[in-house]
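Report on the structure given below.
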Number of protein chains: 2
Amino acid sequence: MISIGELAKRAQCTVPTIRYYESVGLLPQPQRREGGHRAYNRKDLARLILIRRCRDIDMPLDKIKELLTLEANGKPCQETVDFFSVQRNAIKARIQALQELDFTLSLYVENCQSGCMQNKAPCHIYDEIAQ
Amino acid sequence: MISIGELAKRAQCTVPTIRYYESVGLLPQPQRREGGHRAYNRKDLARLILIRRCRDIDMPLDKIKELLTLEANGKPCQETVDFFSVQRNAIKARIQALQELDFTLSLYVENCQSGCMQNKAPCHIYDEIAQ
DNA sequence: GTTGAACCTAAAGTAACTTGAGGATGCATG
DNA sequence: CATGCATCCTCAAGTTACTTTAGGTTCAAC
């Protein structure tokens, strides 16, 4: 049994976020201690970590709910595997976009370092962004 | 001179988003045609593309505004270069996080494919997420 | 000259949280 | 035992970055 603060630390999120997830039905109502404090178990942590992982790739809460329902209904693995495969594709696309962006930014930096910063000429970096 | 729809296409965003950016002062009030339609030029496009690029890496609008002010004030290149360098670091960190996530997901998928899907045993994939 | 796509403004709605107010609980320490 | 002080509680309101809706105007093509 772990406290909400401990759960937050382990799942890398904030305490209010956990209460928020509970309020929208993403996390079940947890057990309570005598004084009313929430008490979580290993399963709650697993669920929250999965939620956060999905959020890391910007999956909307609605979709995450779907996934969790799928799990709760004990659907065959194929669906889960398909689901994760789709997510992996999304991740790969995102990585590629970021790499391209990084390359573009490296060109900007180089442009300034070897050009206008050397000869003290005015910088045209922002104009070049539009091609 | 290009229309708002054309601008949206070229900057890969929606028309309402452009009007929203104008309303919060991120984009200047553009020229207008006789009938009142907005008319943009190359510089507006450059600015919008830069804004969108910053948004792609989740930079908040406030920070983008700062950057653009920095540009408007004709600050020396060093600041711009520093700015982009910091952004590149943020991008690299994000890429690494995504690669790790992808690896983790690949383990889940493999686990199902070589395990429960073969022997039709119940799946423990979600439990394993919490280690 | 009419019709359909694209544009206009203003206001309200949405997602996913975060922050704030005002108070109760839990536990280590004098 | 009491007394801090960190952590917890609820409920409501605020925030960011848009999106959607409503009701109307303009533009371009046939």
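Residue numbers start from 1 in every chain, and the chains themselves are labelled A, B, ... in the order their sequence lines are given, proteins ahead of strands. Predicted model, so just to flag it, every value in this text is computed and none were measured.
Listed in residue order, the members of residues 8-23 of chain B having a heavy atom less than 4.0 Å from DNA chain C are B/R19.
No hydrogens or angles considered: nothing links the side chains of A/R47 and A/Y40 as a donor-acceptor pair under 3.5 Å.
Taking atom CG of residue A/D58 and atom P of nucleotide D/dC18, one finds them 12 Å apart after rounding to whole Å. For the pair A/R32 CZ and D/dC9 P, the interatomic distance rounds to 6 Å; values are reported in whole Å.
No more than 12 heavy-atom neighbours from other residues, nucleotides or ligands sit within 6.0 angstrom of CD on B/E110.
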CA sep, side-chain torsions, deciding dist, call: B/Q12, B/R52, side-chain contact (heavy atoms from CB on, under 4.5 Å): CA-CA 8 Å; B/Q12 315 240 65; B/R52 292 308 299 176; over 6 Å; no
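When all heavy atoms are compared, the tightest approach of A/L68 to A/L26 is CD1-CD2, 3.8 Å. Residue B/D44 comes nearest to B/L27 through the heavy atom pair O-CD2, 4.4 Å, listed as atom of the first residue, atom of the second, then distance. Nearest heavy atoms, B/Q99 versus A/I95: CG-CD1, 3.6 Å.
Grouping the Ile, Leu, Val, Met, Phe, Trp and Tyr side chains by contacts below 4.5 angstrom, directly or via other members, places B/M1 apart from B/L45. Both B/I18 and B/V24 sit in one connected hydrophobic cluster of ILVMFWY residues. Membership requires side-chain heavy atoms under 4.5 Å apart, directly or through other members.
When the side-chain nitrogen and oxygen atoms of A/S3 are compared with OP1 and OP2 of D/dC8, one or more of them lie within a distance under 4.0 Å. In this model, the phosphate group of D/dT10 is approached by a side-chain N or O of A/R38 to a distance below 4.0 Å at OP1 or OP2.
A donor-acceptor pair under 3.5 Å is absent between the side-chain atoms of A/T17 and the main chain of A/C13, judged by distance alone.
Inter-residue side-chain proximity for B/H37 and B/R32 is flagged as unmet; no heavy-atom pair is nearer than 4.5 Å.
Applying the salt bridge (Lys or Arg N to Asp or Glu O under 4.0 Å) test to every pair with at least one member in residues 87-104 of chain B, sequence neighbours left out, gives these pairs: A/R88-B/D102, A/D102-B/R88.
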Annotated protein contacts, base or backbone, on nucleotides 22-30 of chain D with a non-hydrogen cut-off under 4.0 Å, one of B, S, - each: ----SS---
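Extent of DNA chain C lying under 4.0 Å from chain A heavy atoms, first and last nucleotide in 5' to 3' order, is C/dA16 to C/dG26.
Atom-to-atom distance recorded for A/L50:CG and A/R55:CZ is 12.5 Å, nearest 0.5 angstrom.
Comparing the helix axis at one end of the helix from C/dG1-D/dC30 to C/dG30-D/dC1 with that at the other, each defined from 5 consecutive pairs, gives an inter-axis angle of 10° (nearest 10°).
Residues passing the side-chain hydrogen bond (donor to acceptor under 3.5 Å, both in side chains) test with A/Q31, sequence neighbours excluded: none.
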